[in-house]
Amino acid sequence: METVKLGIATEYIPGRVNVGLYVSDNGARLIDSGLDDEAGRKIARMLEERKIPLRRIVTTHSNADHCGGNAFLRKRTGCSVAATKLESVVIENPFLEPLVLWSAFPFGELENKFLQAKPSEVDLIIENSGIVDESGLEAVPLPGHFLDMIGVRTPDDVLFVADSVFSEELIEKYAVMFVLDVGAALETLDRLIRAEAAWFVPSHAPASENIVPLAEANRKGLLRVSEAVLESCGEPASREKILQGIAGRFSLSMSVSEYVLNSAAVGAHLSWLRKRGQVAPVVEKGVLLWRKTR
């Protein structure tokens, strides 16, 4: 497992989910841990080969691809796990992630490692802003994507920005990026555009010294989906009908897991449009429909 060095003590492990690594005098801190036991095993082996003890995993949020290696690493190394209060609830009770998406206890197809990590104890609850521990790592609030997601800034001025942005390739391929609060996500993008750091490291895009173009691409992608959702409400339409139209518009084919992720994202766009007074809900013949208000 190779790492990319971005500062005196800051590295990251490139992959489907970029994992941060900060090495101080008393050992290593990870920023997230990857998807599963295999990701955790590779990280543990790399640290063992370098004779660096793992002290703590700082988890940006509880989506399975960010905390899936926690359980393995905690068992193998005895490391601590830190997360915000809301995210820790899901990390310790991972069935809650598919429950949030489906709004009921998950059925079999949703009980997979992409939506439900192995449970792992969080022994350090942190605020979403401020210094995490004696290493000097700093939590930075990045609301919008999930319950209480954070970024992490290292003393080397490398800012890990989690899922606040996605690569342009992913936006082009999937169109609908997962989000729970569209308004908060747009505000986070505004803050990122104004932010300063030596390096920015998204979880699903290469590290960059300039986050502005990627933040703008993500803003454009979010607003494009909101516009498509709004257009779908010209005639009263259910969330399922709206998602069907968006799938056709962007030529999306979806697995069951992708369907519930996209359905939740459409719900987030509807909530944002309702807050702006652009759509309103109505129940007709037992179906919740959404219609334009202007």
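Quick caveat: nothing in here was measured; it's all calculated off a predicted structure.
Transitive grouping of hydrophobic side chains (ILVMFWY, heavy atoms separated by less than 4.5 Å) keeps V260 and F114 in distinct clusters. Grouping the Ile, Leu, Val, Met, Phe, Trp and Tyr side chains by contacts below 4.5 angstrom, directly or via other members, places M254 apart from L170. Under a hydrophobic-cluster definition in which Ile, Leu, Val, Met, Phe, Trp and Tyr are linked whenever side-chain heavy atoms come within less than 4.5 Å, directly or via other members, V201 and I13 are assigned to different clusters. Cluster membership check: M46 does not share its hydrophobic cluster with Y12, using side-chain heavy-atom separations under 4.5 Å among Ile, Leu, Val, Met, Phe, Trp and Tyr. Linking ILVMFWY residues whenever their side-chain heavy atoms come closer than 4.5 Å, directly or via other members, places L288 and I246 in the same cluster.
Contact check on E38 versus R41 returns a salt bridge, with a Lys/Arg side-chain nitrogen under 4.0 Å from an Asp/Glu carboxylate oxygen. Between E231 and R249 there is a salt bridge, with a side-chain nitrogen of the basic residue lying less than 4.0 Å from a carboxylate oxygen of the acidic one. Salt bridge R291/E235: absent, no basic N to carboxylate O contact under 4.0 Å. By the 4.0 Å N-to-carboxylate-O rule, R45 lies too far from E48 to be salt-bridged with it. A salt bridge links R153 with D157: at least one charged nitrogen is closer than 4.0 Å to a carboxylate oxygen. Ion pairing between a basic and an acidic side chain is recognised when a charged N comes within 4.0 Å of a carboxylate O; D133 and R55 show no such pairing.
In the displayed structure, E168 atom CD is contacted under 6.0 Å by at most 12 heavy atoms of other residues, nucleotides or ligands. No more than 12 heavy atoms of other residues, nucleotides or ligands sit less than 6.0 Å from atom CZ of F105. The environment of CZ in F95 is crowded: more than 12 heavy-atom neighbours from other residues, nucleotides or ligands sit within 6.0 Å. Summarising the local packing, NZ of K5 is surrounded by more than 12 heavy atoms from other residues, nucleotides or ligands at distances under 6.0 Å. Other residues, nucleotides and ligands contribute more than 12 heavy atoms inside 6.0 Å of the CD atom of E111.
For D156 (side chain) and I8 (main-chain N/O), a donor-acceptor pair under 3.5 Å exists by modelled atom type. Side chain of N210 to backbone of V212: a donor-acceptor contact under 3.5 angstrom is found. Checking side-chain atoms of S257 against main-chain N and O of L110 turns up no donor-acceptor pair under 3.5 Å. The main-chain N or O of A184 is found under 3.5 Å from a side-chain atom of T188 such that the two form a donor-acceptor pair. Between the side chain of D123 and the main chain of S80, no donor-acceptor pair closer than 3.5 Å is present. N93 contributes no side-chain N or O that, together with a main-chain N or O of L96, makes up a donor-acceptor pair within less than 3.5 Å. Although no hydrogens or angles enter the test, the distance criterion places no donor-acceptor pair under 3.5 Å between the side chain of T10 and the main chain of G7. A distance-only check finds a donor-acceptor pair linking the side chain of N18 to the backbone of A205 [under 3.5 Å].
Here the closest non-hydrogen pair linking V165 and A215 is CG1-CA, 4.1 Å. Scanning both residues, E87 and L147, for their nearest heavy atoms gives OE2-N, 3.2 Å. Looking at every heavy atom in both residues, R274 comes nearest to V279 through CD-O, 3.0 Å. Here the closest heavy-atom approach between residue M149 and residue A162 is recorded as SD-CB, 3.7 Å. Nearest heavy atoms, E92 versus V122: OE2-N, 2.9 Å. Closest heavy-atom contact between P94 and K118: CG-C, 4.1 Å.
The cationic atom of R276 (NZ for Lys, CZ for Arg) lies less than 6.0 Å from the six-membered ring centre of W272 and within 45° of the ring axis.
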Take H66 and H145, measure what ring-ring contact (aromatic ring centres under 6.0 Å, His included) needs, and give me the verdict at the end. CA-CA 13 Å; H66 292 260; H145 176 72; 7.3 Å; no
Please evaluate residues C233 and L270 with respect to the criterion side-chain contact (heavy atoms from CB on, under 4.5 Å), reporting the C-alpha separation (whole Å), side-chain torsions for both, the decisive distance (0.1 Å), and the verdict. CA-CA 10 Å; C233 299; L270 287 167; 4.1 Å; yes
For side-chain contact (heavy atoms from CB on, under 4.5 Å), just list the numbers for V182 and S271, CA-CA rounded to whole Å, side-chain angles, deciding distance to a tenth of an Å, and then say yes or no. CA-CA 8 Å; V182 173; S271 292; over 6 Å; no
Kindly determine whether L142 and I150 satisfy side-chain contact (heavy atoms from CB on, under 4.5 Å), including the steps that lead there. CA-CA 5 Å; L142 298 175; I150 60 169; 5.8 Å; no
Derivation of the side-chain contact (heavy atoms from CB on, under 4.5 Å) call for V229 and R239: CA-CA 9 Å; V229 170; R239 176 158 58 167; over 6 Å; no
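When E11, E134, E138 are each tested for a salt bridge (charged side-chain N to carboxylate O under 4.0 Å, His left out) with R29, only one passes: E134. Screening D32, T84, N70 against T59 for a side chain to side chain donor-acceptor pair (under 3.5 Å) leaves a single residue, N70.
Taken from OH in Y22 to CD1 in I31, the straight-line distance is 10.0 Å, to the nearest 0.5 Å. Here L222 contributes atom CG and I171 contributes atom CD1; the two are 8.0 Å apart, rounded to the nearest 0.5 Å. Here the CZ atom belonging to F200 is positioned 11.0 Å from the CG atom belonging to L214, to the nearest 0.5 angstrom. Between the CZ atom of F166 and the CZ atom of F178 there is a distance of 9.0 Å, given to the nearest 0.5 Å. To the nearest 0.5 Å, atom CG of residue D37 and atom NZ of residue K42 are 12.5 Å apart. Taken to the nearest 0.5 Å, the CG atom of L73 stands 6.5 Å off from the CG atom of L30.
When hydrophobic residues (I, L, V, M, F, W, Y) are linked wherever their side-chain heavy atoms come within less than 4.5 Å, the members clustered with L289 are V282, V287.
Taking the side chain as every heavy atom from C-beta outward, E187 and R191 approach each other to under 4.5 Å. Contact annotation: the side chain of H269 approaches that of V179 to within less than 4.5 Å [non-hydrogen atoms, C-beta and beyond]. You'll find the side chain of V4 reaches within 4.5 Å of the side chain of P14, heavy atoms only.
A donor-acceptor pair shorter than 3.5 Å cannot be found between the side chains of S167 and H204.
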